[in-house]
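This structure is a prediction, so every number in the text was calculated from the model and none was measured. Along the sequence shown, the residues carry numbers beginning at 1.
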Amino acid sequence: MAINDLVSDALTRVRNAGMRRLPVTTLVHSKSVEAVANILVDKGYIESCNVVEDGVKKTIKVVLKYNEEGKTVINEIKRVSKPGRRVYKGKEDIKRFKNGYGTIIISTSRGVLPNDKAFELGIGGEVMCTVW
């Protein structure tokens, strides 16, 4: 089966694995999916992510993070910009999300960045997803 939007597929796999309380999930590899996964690790939404090479095929192994009650740390993970409808925000529109508790992941001219880093650099871009 061909996947058109690898980022939304990755977010759906993480969301579904969290609902089923799975310790690990596997994502289809692309540079943008790897960048989003690394931001999720840096912000503390997932434990770790590793690129696994199996010959020519690459995948990303993601270890999910849970709190003391066994609930996933991610309350909501949502794709904003889709292939049918691209969403762009300027630097002034990406300052805070969910009163500082959430993160907006943005594809900028300097790579894929979280909203606080993009605001520091003074650049906007395409809003890939939101997490809190």
>> Side chains of Val24 and Leu64, heavy atoms from C-beta outward: is any pair under 4.5 Å?
In response: no

> In Å, rounded to the nearest 0.5 Å, how long is the span from CD1 of Ile123 to OG1 of Thr108?
Replying inline: 3.5 Å

> Can you find a heavy atom in the side chain of Thr26 that is under 4.5 Å from one in the side chain of Val62?
Replying inline: no

> Roughly how far, to the nearest 0.5 Å, is CD of Glu120 from NZ of Lys117?
Replying inline: 6.0 Å

> Would a 4.5 Å heavy-atom cut-off, applied to side chains only, mark Thr130 and Phe97 as touching?
Replying inline: yes

> Would Ile74 end up clustered with Ile60 when hydrophobic side chains under 4.5 Å apart are linked, directly or stepwise?
Replying inline: yes

> Would the number of heavy atoms belonging to other residues, nucleotides or ligands and lying under 6.0 Å from CZ of Arg20 be above 12?
Replying inline: no

>> To the nearest 0.5 Å, what is the distance between CG on Leu27 and NE2 on His29?
In response: 10.0 Å

> What is the minimum heavy-atom distance between Val33 and Val28, and which atoms define it?
Replying inline: CG1-O, 3.7 Å

Name the atoms and distances for all side-chain donor-acceptor pairs under 3.5 Å in residues 39-58, with sequence neighbours left out.
from	atom 1	to	atom 2	distance (Å)
Lys43	NZ	Asp116	OD1	3.3
Lys43	NZ	Asp116	OD2	2.7
Tyr45	OH	Tyr101	O	3.3
Tyr45	OH	Thr103	OG1	3.4

> In Å, rounded to the nearest 0.5 Å, how long is the span from OG of Ser109 to CG of Leu121?
Replying inline: 9.0 Å

>> If you compare all heavy atoms of Asn115 against all heavy atoms of Ile94, which two are closest, and at what distance to 0.1 Å?
In response: CB-O, 3.3 Å

> Taking atom CE of Met128 and atom OG of Ser81, what is their separation to the nearest 0.5 Å?
Replying inline: 8.5 Å

